[in-house]
Amino acid sequence: MTLLHWAVLLPFIAAILIPFLYKYLKRIHTGWFVLILPLVLFVYFLSFIPKTSSGEVILNNLNWVPSLGINFNVYLDGLSLLFALLITGIGSLVVLYSIYYLSKHKEKLNNFYVYLLMFMGAMLGVVLSDNLIVIYVFWELTSIASSLLISYWYTREKSVYGAQKSMYITVFGGLSMLGGFSLLYVIAGTFSIRELIANADLVMASSLFIPAMILVLLGAFTKSAQFPFHIWLPDAMEAPTPVSAYLHSATMVKAGIYLVARLTGVFGGAPEWFWIITIAGLVTLTWGSISAVRQKDLKGILAFSTVSQLGLIMSLLGAGSAAFYFQDGDNALYMTAILAAVFHLINHATFKGSLFMAAGIIDHETGTRDIRKLGGLMTVLPVTATISLIGLASMAGLPPFNGFLSKELFFTGMLNVTEYGIFNLETFGFIIPVIAWIASVFTFLYCILMFSKTFMGKFDISKLKVKHVHEAPIGMLISPVILAALVVVFGLFPNLLAYSLIEPAMAAIIPGILSPGEFFDVHISHWHGFSPELWMTFGVVALGILLFMTFKKWENTAFYRGEQDLFNYAYDSGYEGLIKGSQWITRLQMTGRLRDYFIYMNTFIILIMAYTMYRYSLPAIQSLDLSPIPIYFWLVILVFIGSIVVIPFINNRVALIIATGVSGFIVALLFVLFRAPDLALTQLLIESVSVILFMLVFYHLPKLKKVKTPPKMKAVKLIISIGFGLMITLGSLSVFSMGQEVNFDSISEYYTENSKEEAGGYNIVNVILVDFRGLDTMLEILVVSMAVLTVVSLIRLRFKGSEDI
Amino acid sequence: MELLMSIVIGIIFSVTIYLFMSKNLLRVVAATLLLSHGVHLLLLTMSGLQRGAAPILSFDADAYTDPLPQALVLTAIVISFGVTAILLVMSYRTYKVHKTDDLEELRGSADE
Amino acid sequence: MMQKPNNMMLQTLARLIILIILSFSIYLLLAGHNSPGGGFVGGLMTASAILILYLSFDLKSIQKAIKFDYIKIIGIGLLFASLTGVVSMLFGFPFLKQFFDYFTLPILGEVELTTAMVFDLGVYFVVLASALTIILTIAEDDK
C-alpha cells in the first residue's frame with residue numbers, strides 16, 4: 001500500500017464517515033468536511049507534475065488475486081495525472097458549489113456526499129489502475145454511483161427513469177467491456193495494460209482482435225454517451241446540477257475517452273479502430289449539436305452539447321490513432337489530432353463546468369430552466385450572465401477563449417486526415433472535415449440561442465414561479481468564476497499547459513513512438529495566418545449568425561417543436577417490449593396447473609436424457625453381471641407391482657392408503673432381501689407412522705372423485721409417464737453397467753475397511769451416519785426439525801380477524 | 001436381479017409421474033410417497049444388489065454390500081417422511097381454507 | 001381418530017406391547033453402533049410405541065400422563081448432537097470428530113463407550129420428538 005493506493009481508497013473511507021458527521025454535526029453543512037478531501041488530493045496530485053512532465057511514470061504494485069493475474073497496480077503517467085487532476089480539481093469546485101446549492105435543512109446531504117465520494121474514489125481507481133479487471137470493477141462502481149446520484153431525488157418519476165436508463169446502458173456496456181478484457185487476456189495472457197501495449201503485435205495478429213476491440217469500444221461508447229448510446233445522458237440531467245457538472249460533463253462521461261486513449265497503444269494502427277472511432281465520434285458530434293438546437297431546457301442543451309463535444313474528442317482520438325500506422329512518420333500530421341483531443345478535454349471541463357454551474361444558478365434563482373420562460377436575465381444576474389457568455393463563446397469557438405484554440409486544432413486535425421493517404425482516405429477523406437464543419441455550425445447556433453433566449457430579450461417575472469430574482473450568493477459564484485477565469489487564462493496563455501500536462505498525456509496515449517528523452521513539439525498559437533482553419537471558423541460564424549437571424553422562420557417547424565431524440569423511442573419501445581415479452585412468456589408457461597408444469601418439465605427431462613444416452617451410447621449394456629433371481633423374489637415383485645399399478649385406479653380414500661401402505665411395507669421387505677437391515681427397520685417404522693399420518697389427514701379430506709380425463713390428455717399423460725419410467729430404467733441400467741465396466745475403486749471401501757479401527761463400530765451404515773459423515777446427519781436432523789416447525793406453524797398459527805379459519 | 005429391479009423402478013416412476021399430473025391433491029401427495037420409494041430403490045439398485053453380506057462387520061463375511069448407498073437411503077427415508085408430512089399438512093390446510101382439493105379450482109385468478 | 005376410542009382389549013394389549021417395544025427400542029438405540037439399529041430406528045420405534053398409547057387411549061388422558069413438550073425435546077436432541085461436535089473442537093480436533101474406548105464396568109463387563117453414542121442419542125431425540133409432534137399436532141387440530 002503506497003500513498004497512491006491510499007489516494008484511491010481515501011474517498012471510500014471518507015464516504016463511510018460522512019453519515020456520522022452528518023448525524024452528529026448537523027449545524028455545519030456536511031459539504032465543508034467533504035471539501036477537504038478533493039482539495040488535499042488535488043494538491044497531492046499537483047506535486048506529480050514535475051515527474052510526469054519529465055517523462056517519468058510511477059508504478060506501485062499491490063497483489064490482489066495474483067493467481068488470476070488480478071492486481072491492484074497503481075500506474076501514474078501523464079494521462080492518468082491529467083484525469084486525476086480533473087477529478088479532484090473539478091471535484092473540489094463542485095463540492096464547494098454544492099454547499100450553496102443544496103440546503104442543509106431540506107436535503108439528505110449524507111446520501112448525496114456518500115455517493116459523490118464513492119464516485120470520486122471509483123473514478124480515481126479507473127484512471128490510476130493498470131489492471132483491466134480492477135478498472136472494470138471501478139468502472140461499474142462509477143455507473144452505480146452515477147445512477148444513485150441521478151435518482152438522488154428518488155421520489156420524482158423522471159429521476160428514477162433517468163437513473164434506470166443510465167444504469168441499463170452503461171452496465172450493458174460495462175459487461176461487454178469485461179468480455180473484451182477477457183478476450184484480451186485470452187490473447188495475451190495478461191490483464192496489465194502495460195504488458196498488453198508491449199504485446200500489441202500479438203494482439204493485432206490474433207483472430208480475436210476485432211471481437212475484443214468491438215466489445216471494449218461498446219463499453220467506452222456507452223460510458224461516453226456516443227451515438228447511438230447517447231440517449232441516457234440527457235435523462236441523467238435529472239440529477240442535482242452539481243452532479244451534472246461533475247459526473248455528466250467533466251469526469252465520468254470522459255471515462256470512455258480515457259479508456260480509448262489508454263488502449264490506443266493496444267489497438268491503435270488498425271484501420272477498424274481508426275474508422276469506428278472517427279466515424280462514431282463525428283456522428284455523435286453532429287447528432288449532438290443538431291439535437292442541442294432543439295432543446296428548450298437549459299440543462300437539455302448542455303447535455304446534448306456534452307454529447308457532441310465528447311464526440312469531437314472521440315473523433316480526434318480516432319484520427320490520432322493512425323500514428324501507430326506510421327510509427328515514425330511525419331508526426332506533426334497526426335500529432336495535431338492527439339494534441340487537440342487532450343487540449344479540448346481540459347477546455348471542455350472548464351467551460352462546460354462553468355456553464356452547468358451557471359445553469360444551476362439560473363434554476364436556483366428563477367425556479368425554472370425552460371428557455372421559453374426565461375429572458376432578459378442579463379440585468380438581473382449580471383455575474384452569471386458574464387460567466388455564461390465566456391463559457392458559451394469558448395464553446396462556440398470564438399477567440400480569445402480556449403475553445404477557439406482547440407476548435408482550430410480540431411479543424412487542423414480533421415484536415416490532416418485527408419492527407420494521411422491510408423485506409424482509403426484519399427477517396428472518402430474529404431467528408432471528415434465537411435462533417436466537422438457542419439457540426440460546428442450547429443454548435444455555434446445553439447450557443448447563441450442559449451445566450452439570447454436566457455439573457456437577452458425582455459425579463460418577464462410573471463412567467464416564473466418566484467417573486468424576486470436576484471444574483472446568487474458569493475459562495476455559489478466562486479466555482480463558476482474560477483472556471484470561467486481558467487477559460488480566459490488558458491485562452492490567452494495556452495502554453496502554460498503545453499509541457500506540464502498536455503505533452504505528458506500525449507506521450508501516454510501513443511506510447512513507444514518517441515525514443516526516451518524525446519518530447520513532442522507542443523506549441524499552441526493564436527495566429528496561423530489566413531489558413532483554411534481560420535476560413536472555416538469565419539464560415540461557421542457567418543452561417544451560424546445567418547441561421548440565428550432566420551430562426552423565427554423555422555421556430556414552428558416540427559424539427560424545432562419536438563424535443564425527443566429518435567433513439568429514445570427505440571429505447572422505450574425496446575424496454576416495453578422486453579417487459580411485455582417476458583410477461584407473455586410467463587403467462588404462456590405459468591398456467592397455475594401442476595399438470596402443465598409436470599408436462600413441460602418431464603418432456604424436457606425425457607428429451608435431454610434420451611439425447612444424452614443416444615449421444616454417448618450409454619445403454620451399451622453388454623457385460624451385465626446380474627445377480628440371480630430366486631423364485632420367491634418373483635412373488636414379492638409381482639405383489640409390489642400390483643400394489644403400485646393399482647393406485648391410479650383407486651377411487652376410495654382408505655383403499656388408497658392401504659395400497660400405498662402395502663407398497664411401503666414391500667419396500668421394507670425388499671430392503672431385507674437387499675441385505676440392508678437398518679433400512680428395513682427404518683422403512684417399516686416410517687411406513688407405520690406414515691399410515692397413521694395419512695389416516696389422520698385423509699379423515700378430513702373429501703372423498704376421492706372419479707375424474708374424467710379427455711382421452712387426448714390421457715394419452716399425453718400416459719406417453720410422458722411411460723417415457724419417464726423408461727428413461728429411469730435405462731439410466732439405472734447404464735449407471736449400473738458403467739460401474740462394473742469402468743472398475744474404479746469405490747469410495748465405500750474406505751468405510752468398510754476403517755469402520756472398526758477408526759470408529760470402533762461394526763455396523764458400517766451406522767458408523768457412516770454418526771461418525772464419518774456426522775455433519776451430514778447433523779444437518780439432516782436439522783432439516784427434520786425444520787419440517788416439524790413448518791408443520792406446527794402451518795397448523796397452530798392462524799391469522800386473527802381474517803377469513804382464515 | 002438388477003435388470004428386474006430397474007424395470008420395477010421404471011414402473012414406479014411411471015405411476016408417480018402419472019399421479020403427479022392428476023387433478024386431485026391427495027393423489028399428488030401419494031405420488032410423492034411413491035416417488036421416494038422409487039428413488040431409494042434406484043440408489044440401491046445402481047450400486048448392485050445382493051453382493052455380499054449385510055454391512056455389519058461382526059458377520060465376518062468375505063464381502064459386504066455397499067454401505068454407502070444404504071447410509072444415503074437411510075437419511076433419505078427420514079427426510080422424505082418430513083416432506084410427506086409437510087405436504088399432507090399443507091393439503092389439509094388448503095382444503096380447510098379453500099374447501100376444495102381440486103387443483104384446477106385452486107389455480108386462482110389469472111391476474112394474481 | 002385419537003379422540004375417544006373405547007376398546008378394552010386394545011387397551012390391555014397396548015400396555016403389554018408398549019413395554020416390549022419401548023425396551024426393544026432402547027436396545028436398538030444402544031446396539032446401533034455394532035448391529036442393526038441406531039438413533040433413527042430407535043427414535044422411530046419409541047415414537048410408534050407412544051403412538052400406540054395415543055391410539056388405544058384418548059388424547060387427553062395420555063397428555064395428562066406424559067407431560068413432555070416434544071418441541072423442546074427436538075431442541076435438546078439438536079443440542080446433544082452439536083455439542084459432541086463442539087466438545088471435540090475444544091480439544092483441538094475437527095468438528096464432530098468422534099472417539100471411542102473400551103471400559104470394564106461392574107456387572108456389564110467390558111463395554112465400548114463412544115462419543116458417537118451421545119451424537120446418536122441426539123438423533124434419537126430429534127427423530128422421536130419429530131414424529132410425535134407432527135402426528136399430535138394434526139390430531140389436536142381435530143377439536
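Every chain is numbered from 1, with letters handed out A, B, ... down the list of sequences.
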Item to complete: Select one option (side chain, backbone, both, neither) describing which atoms of B:Thr45 are under 4.5 Å from chain A's heavy atoms.
Response: both
Discussion item. Quick check on A:Tyr762: does its OH atom have over 12 non-hydrogen neighbours (other residues, nucleotides or ligands) under 6.0 Å away?
Written reply: no
Discussion item. Quick check on B:Leu49 against chain A: is it the side chain, the backbone, both or neither that has a heavy atom closer than 4.5 Å?
Written reply: both
Item to complete: Show your reasoning for whether side-chain contact (heavy atoms from CB on, under 4.5 Å) applies to A:Met713 and B:Met21.
Response: CA-CA 10 Å; A:Met713 197 64 222; B:Met21 289 186 278; 5.9 Å; no
Response to the item:
Cut-off 4.5 Å, heavy atoms of chain B, and the answer for A:Ile650 is backbone
Fill in: chain B contact via A:Leu679 - side chain, backbone, both or neither, heavy atoms under 4.5 Å
both
Worksheet item: What is the minimum heavy-atom distance between A:Thr729 and B:Ser6, and which atoms define it?
Response: OG1-O, 3.1 Å
Worksheet item: Side chain, backbone, both or neither: which part of A:Glu687 has an atom under 4.5 Å from a heavy atom of chain B?
Response: side chain
Worksheet item: Taking the six-membered ring for Trp, are B:His40 and A:Phe671 parallel (under 30°), tilted (30 to 60°) or perpendicular (over 60°)?
Response: tilted
Worksheet item: Given the options B:Val83, B:Leu41, B:Leu72, B:Thr84, which has more heavy-atom pairs under 4.5 Å with chain A than any of the others?
Response: B:Leu41
Worksheet entry | side-chain contact (heavy atoms from CB on, under 4.5 Å) assessment of B:Leu4 paired with A:Phe633 | CA-CA 10 Å; B:Leu4 179 62; A:Phe633 194 76; 3.8 Å; yes
Fill in: B:Val28 portion near chain A, given a 4.5 angstrom heavy-atom threshold
side chain
Discussion item. For the backbone of A:Ser721 and the side chain of B:Ser14, can you confirm whether one donor and one acceptor N or O come within less than 3.5 Å of each other?
Written reply: yes
Worksheet entry | Proximity breakdown for A:Tyr597 and chain B, heavy-atom pairs closer than 4.5 Å | neither
Discussion item. I need the single residue from B:Leu19, B:Thr16, B:Leu33 that forms a side-chain contact (heavy atoms from CB on, under 4.5 Å) with A:Ile647. Which is it?
Written reply: B:Leu19
Item to complete: Would you check, one step at a time, whether the test side-chain contact (heavy atoms from CB on, under 4.5 Å) holds for A:Ile637 with B:Met5?
Response: CA-CA 9 Å; A:Ile637 289 298; B:Met5 278 316 290; 3.7 Å; yes
Worksheet, complete the sentence: Turns out that what part of A:Leu673 lies under 4.5 Å from chain B's heavy atoms comes down to both
Item to complete: Would you check if the side chain of B:Gln70 reaches a backbone N or O of A:Ile764 as a donor-acceptor pair within less than 3.5 Å?
Response: no
